[in-house]
Protein chains: 2
Amino acid sequence: MHETLLKNIASFIELTDEEKEYFLSILRPKKLRKRQYHVQAGDMCRYETYVVKGCLRQYYVDDEGIEHTVSFAIEDWWTSDMYGLITGNPSLTNIEAIEDSELLLIEKNDFDKLVLAVPKFERLFRIKLQRAFVAHQRRIVENMSMPADQRYLNFTEQYPSLEQRLPLKLIASYLGITPESLSRIRRQLVKGK
Amino acid sequence: MHETLLKNIASFIELTDEEKEYFLSILRPKKLRKRQYHVQAGDMCRYETYVVKGCLRQYYVDDEGIEHTVSFAIEDWWTSDMYGLITGNPSLTNIEAIEDSELLLIEKNDFDKLVLAVPKFERLFRIKLQRAFVAHQRRIVENMSMPADQRYLNFTEQYPSLEQRLPLKLIASYLGITPESLSRIRRQLVKGK
DNA sequence: AAAAAACCTTGATGTATGTTAAGTAACTAT
DNA sequence: ATAGTTACTTAACATACATCAAGGTTTTTT
């Protein structure tokens, strides 16, 4: 059960059989239909989410109603509304299924107990957060230093699988440009070939 | 010794006297003169840095030679080249003293031993990384959704102490705009008053 | 199968911010 | 004190990207 998840974890920490079982016991499965919300802005979101299958998108809606994609999550990725999770405040973002999806949730309470009982999990998430830290910094610098066409190329290189399965307008909203601009960028790239 | 640091840590985890002593024993002090590098792009950077006094800036220099400020760190803040630290690769960014500064360093080796010996430290850094995660996401969304003048106002509100002690061109390079633009923005703001 | 959404593209036009250039003021070092 | 950086401002001009509007295509729903 949940072999991929366990294998993923095994690449960071070694677990005994009891620890594995304990961990698996706190996971709560959830299914979403395409376009269904996992979390809505204003909701209390008190769990970490692991994607078994499908694809989620986290996005922020600004005052003008424009959607800004914060992150995507596909198979074997984690996602969460970290803001809501650590502050206890209602979520500021939406998390929505882009495809029919299967998730595993870990409630905050269970998570807190888990890391106290098995510090190796604290370690696992510390390491994952360090990687996210680096990825975030990279994204910030790229947004500041590179024009949109280059950011798009980077995206397609870094996440070729995402490029395939996402509508272009969502990629645009992740890159911080309009769908119209992305369309023109793609036309230029084809011509340049 | 290092009361502020210990108080900071105490707000997250409780330490015994021996644990405190162990922790303090791995800290290595370092002093920097204004404009001196702490880390240079290309260096191996294998430590976490705590700022006792002064102010540091981490920045990336792009192909055109333009500097993009990734982060600032003042008293009681941590900074590091996380990329170099977790990959073992040479640093991609520079960390420079903006004022004469006093630092405390934790070598990666010592850090790794520390968190294994005292899992509470794993917890401390996990929590700090979660906060950084939220701050990073916020910065990404703000850069995408808000015009430069509003981002500048946010910055002055969020970091009033930084606003005071930093030259404007460094703030501009943090906000992702040119010093000329920031100058114009400030003039408009004064007029609007 | 038809209707309705959602998606993508294209063109005309607008705007925030960058670039280049110049000048003044404020530190810093000799 | 003097000369030399470094910081900040202003103006004229350039440009990447947004906005608005429309039409065509694909996908989803009924």
Side-chain angles (χ1 to χ4, degrees), chain A residues 32-37 54-55 57 59 61-69 94 96-100 141-156 162-192, chain B residues 32-36 55 57 59 62-69 72 96-100 142-156 162-192:
Chain A
L32 289 179
R33 284 304 198 64
K34 184 171 178 171
R35 237 159 269 179
Q36 198 180 338
Y37 284 116
C55 182
R57 170 174 83 114
Y59 63 97
V61 183
D62 71 20
D63 319 328
E64 271 113 45
I66 299 167
E67 298 181 357
H68 302 276
T69 297
N94 304 278
E96 185 193 50
I98 293 174
E99 308 169 356
D100 293 352
V141 168
E142 284 192 358
N143 283 342
M144 290 199 294
S145 64
M146 304 194 331
D149 54 352
Q150 215 174 328
R151 298 207 304 275
Y152 171 63
L153 285 174
N154 277 184
F155 181 85
T156 61
L162 278 177
E163 221 277 323
Q164 306 280 320
R165 59 205 278 195
L166 294 174
L168 291 174
K169 66 166 200 167
L170 296 190
I171 296 178
S173 92
Y174 178 88
L175 295 173
I177 57 178
T178 58
E180 292 92 333
S181 289
L182 181 55
S183 186
R184 279 185 273 259
I185 284 169
R186 283 162 54 86
R187 179 172 34 152
Q188 284 307 106
L189 289 174
V190 173
K191 270 200 344 203
Chain B
L32 289 178
R33 283 302 197 65
K34 184 171 177 170
R35 236 160 271 180
Q36 199 179 337
C55 182
R57 170 174 83 113
Y59 63 98
D62 71 19
D63 318 330
E64 272 114 44
I66 299 166
E67 298 182 357
H68 303 276
T69 297
F72 298 109
E96 185 193 50
I98 293 175
E99 309 169 356
D100 293 353
E142 283 193 359
N143 283 341
M144 292 198 293
S145 64
M146 303 193 336
D149 54 352
Q150 215 174 329
R151 299 207 305 276
Y152 172 64
L153 284 174
N154 277 184
F155 181 86
T156 60
L162 278 177
E163 222 276 323
Q164 306 280 320
R165 59 205 277 194
L166 294 174
L168 290 173
K169 66 166 200 167
L170 298 189
I171 295 177
S173 93
Y174 178 89
L175 295 174
I177 58 178
T178 59
E180 293 90 337
S181 290
L182 181 54
S183 188
R184 278 185 282 257
I185 284 168
R186 284 162 53 85
R187 179 171 34 150
Q188 283 308 107
L189 289 174
V190 174
K191 269 199 346 202

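Every chain is numbered from 1 and lettered A, B, ... according to where its sequence line falls, protein lines coming before strand lines. Note that the structure is a prediction, hence the values are computed from the model and not measured.
Each of A:L182, A:I177, A:T178 was compared with A:E180 under the side-chain contact (heavy atoms from CB on, under 4.5 Å) criterion, and only A:T178 meets it.
A donor-acceptor contact under 3.5 Å is not formed by the side chain of A:R186 with the base of C:dT10.
You'll find that the side chain of B:L168 is closest to D:dC8, out of C:dT20, C:dT17, D:dC8.
For D:dT27, neither phosphate oxygen OP1 nor OP2 lies less than 4.0 angstrom from any side-chain nitrogen or oxygen of A:K34. For D:dA11, one of the phosphate oxygens OP1 or OP2 lies less than 4.0 angstrom from a side-chain nitrogen or oxygen of B:R187. The phosphate of C:dT17 (OP1 or OP2) has no side-chain N or O of B:T178 nearer than 4.0 angstrom.
Residues B:S183 and B:R35 each lie close to DNA chain D; by heavy-atom proximity, the contact nearer the 5' end of the strand is made by B:R35. For the pair B:S181 and A:R184, nearest-nucleotide mapping onto DNA chain D gives the more 5' position to B:S181.
One can place NZ of B:K169 at 16 Å from P of C:dG18, the figure rounded to the nearest angstrom. In this entry the distance linking CD of B:E180 with P of D:dT9 reads 11 Å, nearest Å. With rounding to whole Å, A:Q188 atom CD is found 11 Å from C:dG11 atom P. Separating the CG atom of A:L175 from the P atom of D:dA18 is a distance of 10 Å, rounded to the nearest angstrom.
Using a distance-only test at 3.5 Å, with no hydrogens or angles considered, a donor-acceptor pair links the side chain of A:S145 to the main chain of A:V141.
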